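Heavy-atom basis, side chains included; hydrogens, waters and symmetry copies ignored. No experiment lies behind these values; they were computed from the predicted model shown. Proteins come first, then strands; the chains are lettered A, B, ... in the order of their sequence lines, and each starts at number 1.
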There are 2 protein chains.
Amino acid sequence: MKVLIVEDDPLHRSYLHEAVNAALPECDTVIEAENGTVGEKLARDHKSAHIVMDLQMASRNGIEAARTIWKERPETRILFWSNYSDEAYVRGVSRIVPDGAAYGYVLKSASDERLKLALRSIFIESQCVIDREVRGLQQKSLGQTNGFTDSEYEILVDIALGLTDRAIAKRRGLSLRSVQNRLQQLYDKLDVYQAAGDDHEDGRFNLRARAVAVAFLRKLLNYSALERAEAEVQEWLDGLHESPRDRHRRRVRT
Amino acid sequence: MKVLIVEDDPLHRSYLHEAVNAALPECDTVIEAENGTVGEKLARDHKSAHIVMDLQMASRNGIEAARTIWKERPETRILFWSNYSDEAYVRGVSRIVPDGAAYGYVLKSASDERLKLALRSIFIESQCVIDREVRGLQQKSLGQTNGFTDSEYEILVDIALGLTDRAIAKRRGLSLRSVQNRLQQLYDKLDVYQAAGDDHEDGRFNLRARAVAVAFLRKLLNYSALERAEAEVQEWLDGLHESPRDRHRRRVRT
DNA sequence: CAACAAGCTGCGGGTTTCCGCAAGACGGCG
DNA sequence: CGCCGTCTTGCGGAAACCCGCAGCTTGTTG
């Protein structure tokens with residue numbers, strides 16, 4: 001049995017290496033990658049079936065890497081080992097895990113014991129192991145209790161990127177008004193009205209900008225989510241008008 | 001000589017402990033703290049003069065902790081040891097360092113050798129040691145080459161928090177128009193106009209929101225900067241009108 | 001089928017943002 | 001002193017945002 005470790009930090013990497021050796025005597029080779037890019041490459045070269053992956057790496061983050069790996073071989077077992085339980089990460093992961101795949105999500109703050117248990121459960125027993133703390137978020141985010149719908153999350157990302165209502169409408173195939181409806185419902189859930197028009201017109205917030213700030217503070221968004229979204233939107237923008245030639249064709253509107 | 005280590009991650013903590021022992025034979029005691037809060041407390045109790053501090057900790061981040069420590073004893077020597085060289089961190093640090101204090105900023109990716117050298121330089125020789133990569137940012141941020149003025153940075157933070165123009169004007173003691181001037185100048189520097197109305201009038205960006213997004217992507221802002229700013233603005237809001245009585249929330253505006 | 005909930009859409013209008021234009025205010029420099 | 005550059009402020013208007021109201025399509029349930 002072979003295990004691939006993908007992790008930025010050399011300290012954590014060697015710690016993982018030891019943990020794998022200790023927890024899995026049946027493992028004969030351990031390979032290491034120091035970022036997502038080489039992680040993908042090694043996974044492909046070695047046809048890795050067992051991977052421990054850090055989220056949040058400089059070159060190419062864990063979610064990106066996992067996505068392409070799973071795309072090529074959906075039965076790969078991946079244990080995500082992360083510092084944070086931001087909702088943005090949790091959502092990002094559960095968005096890309098293939099049906100029936102065995103995977104895990106363990107926090108770096110977990111004990112040695114817990115980590116080893118997770119390694120065995122996933123790699124040997126093919127069971128999913130999700131850290132309790134993470135699990136809580138997942139429930140919230142999938143169920144609708146106090147959580148966010150996918151459509152709400154979508155629009156949150158869109159305004160975080162700085163798109164206008166009109167642009168969002170076009171991107172998502174909605175009318176302008178529908179976009180604004182979704183925005184209202186987002187503002188509602190984020191409780192943006194709190195100090196906005198409450199006391200007086202003095203200390204007012206710009207709802208749109210405030211929503212993004214609150215989402216960040218609540219860790220619904222984080223850097224890597226924004227980064228991914230930015231890449232997607234750029235792609236969309238580029239594909240929007242393939243022919244730079246016929247731009248004069250449609251001039252009149254309204 | 002005593003050294004205080006303030007660091008979240010147990011692995012990194014013990015690594016630091018070893019590094020200190022190896023680099024500083026004259027050091028007889030090493031104390032450890034696992035977050036900013038107990039870091040402050042230990043620093044006070046032991047009157048620590050030599051501290052190694054992680055930025056980015058859960059309970060109370062390194063900048064906060066360093067600020068209160070320096071406030072009590074400005075001659076304390078602090079070596080910041082961080083994963084990132086985000087401009088937001090660099091700016092945050094150089095904002096709080098007292099005149100003439102010896103401090104350092106070393107990245108976690110640096111070699112053992114570099115770390116040990118930095119430890120000796122700062123704690124023994126009282127010299128400032130700034131990582132080359134970080135240094136670059138600092139130049140940019142203090143000098144005006146392609147960097148941001150304090151006033152621009154201020155307004156960036158304000159819109160990131162979601163304040164309206166009017167609120168910003170009141171907060172900073174400016175007229176509405178001046179605020180908007182600064183915004184324009186910010187938009188200019190952030191190059192927000194790039195794909196906005198450039199090629200076609202369809203996919204437009206909301207400048208205000210876009211500026212925040214770009215700033216995040218360029219790491220001019222990050223979570224901890226936002227968190228600090230949020231605390232400040234809340235404080236300001238509270239102090240604004242002394243009657244916290246009618247705190248009842250209403251969503252209907254008459 | 002009726003009744004109801006949930007979502008999309010258009011309309012209208014109040015507020016905010018974005019910004020060109022122009023009139024001061026302040027400081028440096030020949 | 002006049003000239004110039006930078007910063008501020010007011011005015012006015014086009015565009016964007018925020019949102020109540022009402023009509024329309026779905027899908028569900030009894």
Worksheet entry | Listed nucleotide nearest any side-chain atom of B:Arg204, set D:dG20, D:dG10, D:dA16 | D:dA16

Practice prompt. Between D:dC18, C:dC19, C:dT17, spot the one nearest the side chain of B:Gln180, thanks.
Written response: C:dC19

Report the distance from atom [atom1] of [X] to atom [atom2] of [N], rounded to the nearest whole Å.
| X | N | atom1 | atom2 | result |
| --- | --- | --- | --- | --- |
| B:Leu207 | D:dA16 | CG | P | 10 Å |
| A:Leu186 | D:dC18 | CG | P | 11 Å |
| A:Leu183 | C:dG7 | CG | P | 15 Å |
| B:Asp188 | C:dC18 | CG | C1' | 13 Å |
| B:Leu176 | D:dT8 | CG | P | 14 Å |
| A:Phe205 | C:dT17 | CZ | P | 13 Å |
| A:Asp158 | D:dA16 | CG | P | 17 Å |
| A:Arg182 | D:dC17 | CZ | C1' | 18 Å |

Discussion item. Does D:dC19 have its OP1 or OP2 closer than 4.0 Å to a side-chain nitrogen or oxygen of A:Tyr193?
Written reply: yes

Fill in: C:dT9 OP1/OP2 closer than 4.0 Å to side-chain N/O of A:Ser178
yes

Worksheet item: Is A:Arg95 salt-bridged to A:Glu87, cutoff N-O under 4.0 Å?
Response: no

Worksheet item: With the threshold set at 4.0 Å, does a side-chain nitrogen-carboxylate oxygen contact exist between B:Asp150 and B:Arg91?
Response: yes

Discussion item. If you take the centroid of each ring, where Trp contributes its six-membered ring, are A:Phe216 and B:Phe216 closer together than 6.0 Å?
Written reply: yes

Worksheet item: Checking all strands, does B:Asn181 fall into the base, sugar-phosphate, or nothing category for heavy-atom contacts under 4.0 angstrom?
Response: base

Discussion item. Let me confirm one number: the CD-CD distance from A:Glu72 to A:Glu75, rounded to the nearest 0.5 Å.
Written reply: 11.0 Å

Worksheet item: Are the side chain of A:Thr164 and the backbone of A:Ala167 linked by a donor-acceptor contact shorter than 3.5 Å?
Response: yes

Worksheet, complete the sentence: Contacts of A:Leu163 and A:Arg177 projected onto DNA chain D by closest heavy atom; the upstream (5') one is A:Leu163

Response to the item:
Between B:Leu174 and B:Asn206, the residue closer to the 5' end of DNA chain D by nearest nucleotide is B:Leu174

